[in-house]
Amino acid sequence: MREHDVVLTVISGHHTFFIAVERRDRNRPVGVTQLEAFTKKCQETGVGQGVIVSPTGFAKTALVKAKALGIRCLTLEQVNVLPWLLCEYFELYKTQYLQFHFDVIPENDFEQKPVNFILETDEGENITVDMLRNNLIQAFNKEKPEESTKPKLGTYTHHVNIIPQNLSIIDSATGRKERVKQINTTYKCKTELKQIPLVLQEYRDVGDPESIAQIASVDLDLGFTSGKFLINQKLETGGEIVFIPNDKKKPNKPN
C-alpha cells in the first residue's frame with residue numbers, strides 16, 4: 001500500500017480520473033530523483049496526473065524531466081500583500097466565564113432556608129449547579145449579536161433572571177418540596193481580543209508567471225476544535241472561505 005498527501009477524484013461522464021498532489025518541504029529544490037520516485041508511485045497507485053508543490057522550487061534538470069513525465073510543478077511562495085485582502089489579522093474574540101452565583105426563589109417560602117437542597121424536574125431528573133451553568137453558557141453562545149456590533153472587551157458582571165417551567169426545589173433535611181418561581185443569576189465574564197497575523201501565500205506554475213491561487217491562512221485553536229482557516233482566492237473562479245479541522249486520524253490510502 002502506498003499513499004499520497006492529497007488525492008483528487010474527478011468524475012466526468014463514465015470516466016474517473018485521479019490527481020495526486022505531493023508537498024515537498026525540503027531545504028533544497030526538488031531534483032530528478034524525487035521526480036522519478038513520484039512518477040513511479042503515481043503509476044503504482046493508478047494516478048493519471050501528478051502534481052508536486054515545492055516551496056523551495058525545482059532544479060532545472062528536474063523541470064526538464066517533469067515535462068517529459070507529465071508532472072506538473074508548482075511553487076508555494078510567501079508574499080507580503082494580496083491586493084484583495086482588506087486586513088492583515090484574523091480577529092478572535094474569546095470569552096471566559098469566571099464565576100456564577102444562583103439564588104433559587106421558590107413559589108412559597110420555606111420555614112427555614114435550606115442549607116442543602118436538590119433541584120428536580122417534573123420528570124424526576126436532578127439538576128446540578130454545573131448543569132445550570134452549562135445550559136446558561138450554551139444559551140449565551142446561541143444568541144446572535146447584530147452584525148454591526150462587536151463583543152465588549154474587558155471583565156463584566158451580568159445579572160440574568162431565569163423563570164423555569166418545570167422545576168422544583170427539595171429541602172434535603174426535611175424533604176419538603178416547592179415549585180421554583182425564579183432563579184436569579186449573577187455571573188462574571190471576561191472577553192479578550194486576539195489578533196492573529198494571516199499568512200499570505202501564492203501558488204504558481206513554474207512555467208507560468210501568473211498565480212494559480214492566492215491564499216490567506218491562519219491556524220486557530222477554538223478550544224472545542226482546532227484547525228486552519230483559509231481564504232482562498234482562485235483567479236479563475238472567485239474566492240471561498242474554508243475551515244479545515246485538525247484530524248489526527250490517518251488518511252485513507254489510495255489503491
Side-chain angles (χ1 to χ4, degrees), residues 86-198 216-231 239-249:
L86 300 180
C87 62
E88 299 178 358
Y89 297 91
F90 183 93
E91 292 188 347
L92 180 63
Y93 290 88
K94 183 178 181 181
T95 298
Q96 293 177 292
Y97 294 93
L98 307 175
Q99 186 179 5
F100 278 86
H101 174 77
F102 299 99
D103 189 10
V104 181
I105 309 299
E107 290 185 353
N108 298 301
D109 292 335
F110 289 92
E111 293 180 3
Q112 291 185 348
K113 186 176 181 179
V115 177
N116 297 305
F117 60 87
I118 298 171
L119 294 176
E120 184 181 83
T121 65
D122 289 349
E123 291 75 25
E125 179 186 4
N126 288 346
I127 304 299
T128 66
V129 173
D130 286 343
M131 293 172 67
L132 279 176
R133 182 188 62 226
N134 293 337
N135 287 338
L136 269 177
I137 292 175
Q138 290 179 11
F140 299 152
N141 291 337
K142 287 181 180 179
E143 291 182 1
K144 185 177 180 182
E146 297 181 6
E147 295 182 1
S148 59
T149 62
K150 293 184 178 181
K152 186 182 293 185
L153 301 179
T155 303
Y156 299 92
T157 299
H158 299 269
H159 304 278
V160 178
N161 295 332
I162 306 170
I163 301 178
Q165 299 299 319
N166 60 345
L167 194 64
S168 297
I169 179 172
I170 303 173
D171 188 339
S172 299
T174 64
R176 180 179 168 182
K177 183 176 182 180
E178 291 289 345
R179 300 288 291 184
V180 174
K181 177 181 179 181
Q182 172 173 312
I183 301 177
N184 298 334
T185 305
T186 302
Y187 67 95
K188 183 183 291 185
C189 67
K190 180 181 180 181
T191 300
E192 298 175 312
L193 169 62
K194 186 176 182 181
Q195 290 184 323
I196 308 174
L198 292 164
S217 67
V218 64
D219 291 315
L220 295 179
D221 185 354
L222 304 177
F224 60 92
T225 187
S226 62
K228 187 176 289 293
F229 178 84
L230 298 172
I231 306 173
E240 61 181 355
I241 296 176
V242 181
F243 180 75
I244 305 173
N246 289 333
D247 189 355
K248 296 183 179 179
K249 298 179 181 178

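If you're wondering where the values come from, they're calculated on a predicted model, not measured in any experiment.
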Rounded to the nearest 0.5 Å, what separates atom [atom1] in [X] from atom [atom2] in [Y]?
| X | Y | atom1 | atom2 | result |
| --- | --- | --- | --- | --- |
| Asn161 | Thr186 | CG | OG1 | 8.5 Å |
| His101 | Thr157 | NE2 | OG1 | 12.5 Å |
| Glu120 | Lys177 | CD | NZ | 4.5 Å |
| Ile162 | Thr185 | CD1 | OG1 | 3.5 Å |
| Leu220 | Phe243 | CG | CZ | 6.0 Å |
| Gln96 | Thr191 | CD | OG1 | 9.0 Å |

Is it true that atom [atom1] of [X] has more than 12 heavy atoms of other residues, nucleotides or ligands lying nearer than 6.0 Å?
| X | atom1 | answer |
| --- | --- | --- |
| Ile244 | CD1 | yes |
| Glu240 | CD | yes |
| Gln195 | CD | yes |

Does the distance from a Lys or Arg side-chain N to an Asp or Glu carboxylate O, for Lys181 and Asp109, drop under 4.0 Å?
no
Determine, for Lys194 against Glu192, whether the closest basic-nitrogen to carboxylate-oxygen distance falls under 4.0 angstrom.
no
For the student: nearest non-hydrogen atoms of [X] and [Y], plus distance:
| X | Y | value |
| --- | --- | --- |
| Leu198 | Cys87 | CD1-O, 3.8 Å |
| Val218 | Pro197 | CG2-O, 4.0 Å |
| Pro164 | Gln182 | CD-CA, 4.1 Å |
| Arg179 | Gln165 | NH2-O, 3.1 Å |
| Asp171 | Phe110 | CB-CE2, 4.0 Å |
| Leu222 | Leu92 | CD2-CD1, 3.7 Å |

Return the orientation label for the His158 and Tyr187 ring planes: parallel under 30°, perpendicular over 60°, tilted otherwise.
parallel
With side chain to side chain contact (heavy atoms under 4.5 Å, CB included) as the test, pick out the partner of Leu119 among Val104, Val129, Asn126, Ile170.
Val104
Does some side-chain heavy atom of [Y] sit less than 4.5 Å from a side-chain heavy atom of [X]?
| X | Y | answer |
| --- | --- | --- |
| Asn184 | His159 | no |
| Leu167 | Ile183 | yes |
| Ile137 | Phe100 | yes |

Please report the C-alpha distance between Asp221 and Lys94 in whole Å, then the side-chain angles of each, then the deciding distance to 0.1 Å, and finally whether the side chain to side chain contact (heavy atoms under 4.5 Å, CB included) criterion is met.
CA-CA 11 Å; Asp221 185 354; Lys94 183 178 181 181; over 6 Å; no
Between Ile196 and Phe229, does the side chain to side chain contact (heavy atoms under 4.5 Å, CB included) criterion hold? Intermediate values first, please.
CA-CA 11 Å; Ile196 308 174; Phe229 178 84; over 6 Å; no
Would Arg133 count as a cation-pi partner of Tyr97, with NZ or CZ less than 6.0 Å from the six-membered ring centre and within 45° of the ring normal?
no
